[in-house]
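Just below is one structure, and these are the notes that go with it.
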Amino acid sequence: MLQWMLAAAPLDVIRFTVTPVASKTVTLQDFSAPLDATVMWGDGATDRVTANAPVSHTYADATPRQIIIRGRLGGFWHGASPASGAALVTSLDEISSESLTSLADTFRQCVGLVTIPPAIAAPHVSNFTRTFFDCQSITSDLPALWLTHAAAQHPACFTRCFSSLFGK
């Protein structure tokens with residue numbers, strides 16, 4: 001008997017590091033479809049995201065933790081107000097996603113964000129509006145998203161990101 005097996009599509013991966021200081025709680029919210037992902041909080045705790053409902057985690061100490069979101073997720077932190085815990089994000093380590101469609105406002109006002117990857121491997125992202133708005137601590141090279149995602153929206157993507165580079 002001949003049996004065909006289709007290879008499973010690789011799961012999306014979004015990795016970023018938080019360093020809890022004054023506030024030790026991070027809340028992920030404002031999700032967009034598809035929604036079927038697991039959030040690994042970096043200290044052994046996990047949460048499942050299958051609906052647009054916030055998931056929060058409180059850290060016991062100020063140790064830097066890498067949050068890993070694995071599965072299928074159209075986007076998160078798209079709300080009109082700054083994300084709870086955004087100030088705790090210190091590095092964006094990886095975005096590798098076939099299902100991510102928007103990064104609008106996702107890392108907006110992550111004022112402690114220092115490094116971002118040189119490329120964002122998410123070919124279906126069509127909206128980078130205010131993605132890194134007011135991320136004044138970035139010291140790594142900024143990815144050329146307008147070249148790799150030419151058809152996407154980019155308004156204010158890197159607005160107020162250059163303060164640390166130019167002293168303004």
Side-chain angles (χ1 to χ4, degrees), residues 6-19 26-40 42 49-55 66-168:
L6 297 175
L11 295 177
D12 297 347
V13 176
I14 302 168
R15 295 184 303 120
F16 56 97
T17 302
V18 295
T19 303
V26 174
T27 301
L28 298 178
Q29 61 194 30
D30 302 316
F31 297 105
S32 55
L35 299 170
D36 186 11
T38 299
V39 178
M40 293 166 271
V49 176
T50 58
N52 187 11
V55 292
Q66 188 175 69
I67 295 173
I68 301 172
I69 304 170
R70 191 178 307 263
R72 301 280 179 250
L73 190 63
F76 65 100
W77 275 350
H78 295 313
S81 58
S84 174
L88 305 177
V89 176
T90 54
S91 101
L92 173 56
D93 307 308
E94 175 187 10
I95 295 180
S96 177
S97 171
E98 288 292 323
S99 60
L100 199 62
T101 58
S102 177
L103 284 171
D105 294 305
T106 303
F107 294 98
R108 176 176 54 123
Q109 294 183 326
C110 289
V111 295
L113 181 61
V114 175
T115 60
I116 58 179
I120 293 179
H124 304 292
V125 172
S126 61
N127 194 345
F128 288 97
T129 303
R130 294 178 304 277
T131 299
F132 298 105
F133 181 88
D134 207 17
C135 294
Q136 300 174 16
S137 299
I138 294 175
T139 58
S140 61
D141 290 339
L142 301 178
L145 298 177
W146 47 90
L147 296 176
T148 57
H149 295 79
Q153 299 176 45
H154 300 92
C157 181
F158 293 108
T159 299
R160 297 189 348 199
C161 287
F162 301 100
S163 298
S164 61
L165 297 174
F166 298 107
K168 296 181 182 180

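Remember, predicted model here, so these are calculated numbers, not experimental data.
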Rounded distance (nearest 0.5 Å) linking atom CD1 of Ile95 with atom OG1 of Thr106: 7.5 Å
Leu142 and Ile116, any side-chain heavy atoms less than 4.5 Å apart: yes
Stepwise side chain to side chain contact (heavy atoms under 4.5 Å, CB included) test for Asp105 and Asp30: CA-CA 10 Å; Asp105 294 305; Asp30 302 316; over 6 Å; no
Any Phe133 side-chain heavy atom under 4.5 Å of Pro155 side chain: no
Any Pro117 side-chain heavy atom under 4.5 Å of Leu92 side chain: yes
Atom pair OG/CZ of Ser97 and Arg72 - distance to nearest 0.5 Å: 7.5 Å
Residue pair Cys157 / Phe128: nearest heavy atoms and the distance that separates them: CB-O, 3.4 Å
Nearest heavy-atom neighbours spanning Ser140 and Thr115: OG-CA, 3.5 Å
Worked check of side chain to side chain contact (heavy atoms under 4.5 Å, CB included) between Leu103 and Phe132: CA-CA 9 Å; Leu103 284 171; Phe132 298 105; over 6 Å; no
Side chain to side chain donor-acceptor pair (under 3.5 Å) contacts touching residues 142-151 (sequence neighbours left out): none
Pairwise distance CZ(Arg108) to OG1(Thr129) - rounded to 0.5 angstrom: 11.5 Å
Within-4.5 Å side-chain heavy-atom neighbours: Leu145 and Val125: no
Validation row: Leu73, Phe31 side chains within 4.5 angstrom (heavy atoms): yes
Leu113 side chain reached by Ser137 side chain, heavy atoms, under 4.5 Å: no
Atom pair CD1 (Ile120) and OG (Ser96), whose distance is rounded to the nearest 0.5 Å: 11.5 Å
Candidate pair Thr19 and Leu88, rule side chain to side chain contact (heavy atoms under 4.5 Å, CB included), full reasoning: CA-CA 5 Å; Thr19 303; Leu88 305 177; 5.9 Å; no
Rounded distance (nearest 0.5 Å) linking atom CD1 of Ile69 with atom CE of Met40: 9.0 Å
Mutual orientation of the aromatic rings belonging to Phe107 and Phe76 [parallel < 30°, tilted 30-60°, perpendicular > 60°]: perpendicular
Under the side-chain hydrogen bond (donor to acceptor under 3.5 Å, both in side chains) test, residues paired with Ser102 that sit two or more places apart: none
For His124, all residues meeting ring-ring contact (aromatic ring centres under 6.0 Å, His included), sequence neighbours excluded: none
Nearest-0.5 Å distance that lies between atom CD in Gln153 and atom CZ in Arg130: 9.5 Å
Test log, rule side chain to side chain contact (heavy atoms under 4.5 Å, CB included), inputs Ile67 and Thr17: CA-CA 6 Å; Ile67 295 173; Thr17 302; over 6 Å; no
Close side-chain approach of Glu98 and Asp12, heavy atoms under 4.5 Å: yes
